[in-house]
Colleague: 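Sharing a structure here in structure tokens format.
FYI, the numbering just counts along the sequence from 1.
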Amino acid sequence: VQLQASGGGLVQAGGSLRLSCAGSGSIFFINGMGWYRQAPGKQRELVATIARSGATDYADSIKDRFTISRENAKNTMYLQMNSLKPEDTAVYYCNAKLYEFGDGGRLKDYWGKGTLVTVSS
């Protein structure tokens, strides 16, 4: 199983980016998914989560600017980021809690490798 995050890049303050996270491999069922970020010299922090039902939760710092969504049939999650600020600069990681085929029903935690978002002032 792999999670591949993409869509990062360099953008000016006030701009937008859309991140994607695609799951591949022997995925039977993805439960919760989420985006996290880690800025230089700081700890990784939660950005947003989305349940399989579509229920969402956001960090206060990005509410009303970022939107998380997912397409269950494609094992894919998105993060639409608008009104970006320099303090949003970080490596963004995707996370998925999922079941694999033939794995005895164990819920596993997977992370993507991260995609860098840089917001210039």
Side-chain angles (χ1 to χ4, degrees):
V1 171
Q2 284 190 329
L3 294 181
Q4 182 66 50
S6 61
L10 174 63
V11 64
Q12 287 189 331
S16 298
L17 282 174
R18 189 190 194 211
L19 306 184
S20 298
C21 174
S24 62
S26 60
I27 297 173
F28 173 64
F29 182 96
I30 299 181
N31 200 353
M33 302 184 80
W35 288 99
Y36 294 73
R37 67 185 182 185
Q38 187 166 16
K42 294 189 176 181
Q43 288 189 331
R44 190 175 295 189
E45 63 177 2
L46 174 68
V47 175
T49 60
I50 184 166
R52 187 170 181 88
S53 64
T56 59
D57 192 24
Y58 295 93
D60 288 341
S61 61
I62 57 85
K63 267 181 187 174
D64 301 323
R65 296 190 298 122
F66 292 8
T67 302
I68 190 171
S69 61
R70 64 190 284 177
E71 290 187 75
N72 291 331
K74 295 182 178 181
N75 291 329
T76 300
M77 172 180 63
Y78 307 96
L79 186 68
Q80 178 66 43
M81 305 186 294
N82 299 328
S83 303
L84 281 160
K85 303 175 181 180
E87 50 264 43
D88 295 319
T89 294
V91 177
Y92 284 70
Y93 297 90
C94 59
N95 173 265
K97 294 168 175 46
L98 59 88
Y99 297 93
E100 295 182 50
F101 282 107
D103 198 38
R106 292 184 297 169
L107 186 64
K108 290 185 174 179
D109 202 32
Y110 278 92
W111 291 89
K113 287 188 177 179
T115 184
L116 177 62
V117 172
T118 303
V119 184
S120 62
S121 56

Colleague: Quick one: closest heavy-atom pair of Lys97 and Leu107, and the distance?
Modeller: C-CD1, 3.7 Å

Colleague: Can you tell me how far NZ of Lys74 sits from OG of Ser24, rounded to the nearest 0.5 angstrom?
Modeller: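 Spacing of OG (Ser24) from NZ (Lys74) equals 15.0 Å.
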
Colleague: Does Gln2 have more than 12 heavy atoms from other residues, nucleotides or ligands lying within 6.0 Å of its CD?
Modeller: no

Colleague: Measure the CE-OG1 distance between Met33 and Thr49 for me, rounded to the nearest 0.5 Å.
Modeller: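 If I round to the nearest 0.5 Å, the distance is 11.5 Å.
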
Colleague: Just wondering, are more than 12 heavy atoms of other shown residues or ligands nearer than 6.0 Å to NZ in Lys108?
Modeller: yes

Colleague: Using modelled atom types only, decide if a donor and an acceptor are shared between the side chain of Arg52 and the backbone of Ile30 within a distance under 3.5 Å.
Modeller: yes

Colleague: Please step through side chain to side chain contact (heavy atoms under 4.5 Å, CB included) for the pair Val119 and Lys85, ending with a clear verdict.
Modeller: CA-CA 6 Å; Val119 184; Lys85 303 175 181 180; 5.5 Å; no

Colleague: Determine whether Thr115 and Ser6 satisfy the following criterion, side chain to side chain contact (heavy atoms under 4.5 Å, CB included), listing intermediate values before the conclusion.
Modeller: CA-CA 6 Å; Thr115 184; Ser6 61; 5.6 Å; no

Colleague: In the single-linkage hydrophobic clustering (I, L, V, M, F, W, Y; side-chain heavy atoms under 4.5 Å), do Met81 and Ile50 co-cluster?
Modeller: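 Cluster IDs for Met81 and Ile50 match.
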
Colleague: Is Val91 linked to Ile62 within one hydrophobic cluster, defined over Ile, Leu, Val, Met, Phe, Trp and Tyr using a side-chain heavy-atom separation of less than 4.5 Å?
Modeller: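 Looking at the clustering, Ile62 is in a separate group from Val91.
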
Colleague: At what distance, to the nearest 0.5 angstrom, does CG of Leu19 lie from OH of Tyr92?
Modeller: 7.5 Å

Colleague: Could you tell me which non-hydrogen atom of Leu84 sits nearest to which non-hydrogen atom of Leu17, and how far apart they are?
Modeller: CD1-N, 3.9 Å

Colleague: Measuring from atom CG of Asn72 to atom CG of Asn31, what distance do you get when rounded to the nearest 0.5 angstrom?
Modeller: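 That separation rounds to 10.0 Å.
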
Colleague: Might you confirm whether atom CZ of Phe28 has over 12 heavy atoms from other residues, nucleotides or ligands at distances under 6.0 Å?
Modeller: no

Colleague: Mind listing the closest non-hydrogen atom pair of Ile68 and Tyr58 along with its distance?
Modeller: N-OH, 2.9 Å

Colleague: What's the spacing between Met77 CE and Asn95 CG if we round to 0.5 Å?
Modeller: 7.5 Å

Colleague: Would you say that more than 12 heavy atoms from the other residues, nucleotides or ligands in this model lie under 6.0 Å from the CD of Glu45, or not?
Modeller: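 Count over threshold, so yes.
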
Colleague: Please walk me through it: do Asn75 and Leu98 pass side chain to side chain contact (heavy atoms under 4.5 Å, CB included)?
Modeller: CA-CA 10 Å; Asn75 291 329; Leu98 59 88; over 6 Å; no

Colleague: Restricting to non-hydrogen atoms, name the atom on Cys94 and the atom on Trp35 that form the minimum distance, rounded to 0.1 Å.
Modeller: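 Closest approach of Cys94 to Trp35, heavy atoms only: CB-CZ3, 3.8 Å.
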
Colleague: Which value, rounded to the nearest 0.5 Å, describes the distance between Arg65 atom CZ and Ser16 atom OG?
Modeller: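 The distance works out to 10.5 Å.
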
Colleague: Kindly assign one of parallel, tilted or perpendicular to the pair Tyr93 and Trp111, based on the angle between their ring planes and the thresholds 30° and 60°.
Modeller: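 Perpendicular, since the angle between the ring planes exceeds 60°.
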
Colleague: Using the rule that Ile, Leu, Val, Met, Phe, Trp and Tyr join whenever any side-chain heavy atoms are under 4.5 Å apart, tell me whether Tyr78 and Ile27 fall into a single cluster.
Modeller: no

Colleague: Ignoring hydrogens and angles, tell me if any N or O in the side chain of Arg70 forms a donor-acceptor pair with the backbone of Ala51 under 3.5 Å.
Modeller: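 Indeed, once roles are kept as given, a pair shorter than 3.5 Å links the two residues.
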
Colleague: Please determine whether the number of non-hydrogen atoms from other residues, nucleotides or ligands lying under 6.0 Å from atom CG of Asp109 exceeds 12.
Modeller: yes

Colleague: Of all the heavy-atom pairs spanning Phe66 and Arg37, show the shortest one and how long it is.
Modeller: CE2-NH1, 4.1 Å

Colleague: Minimum heavy-atom separation for Ala13 and Ser121, please, with both atom names.
Modeller: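 In terms of heavy atoms, the two residues are closest at CB-CA, 4.4 Å.
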
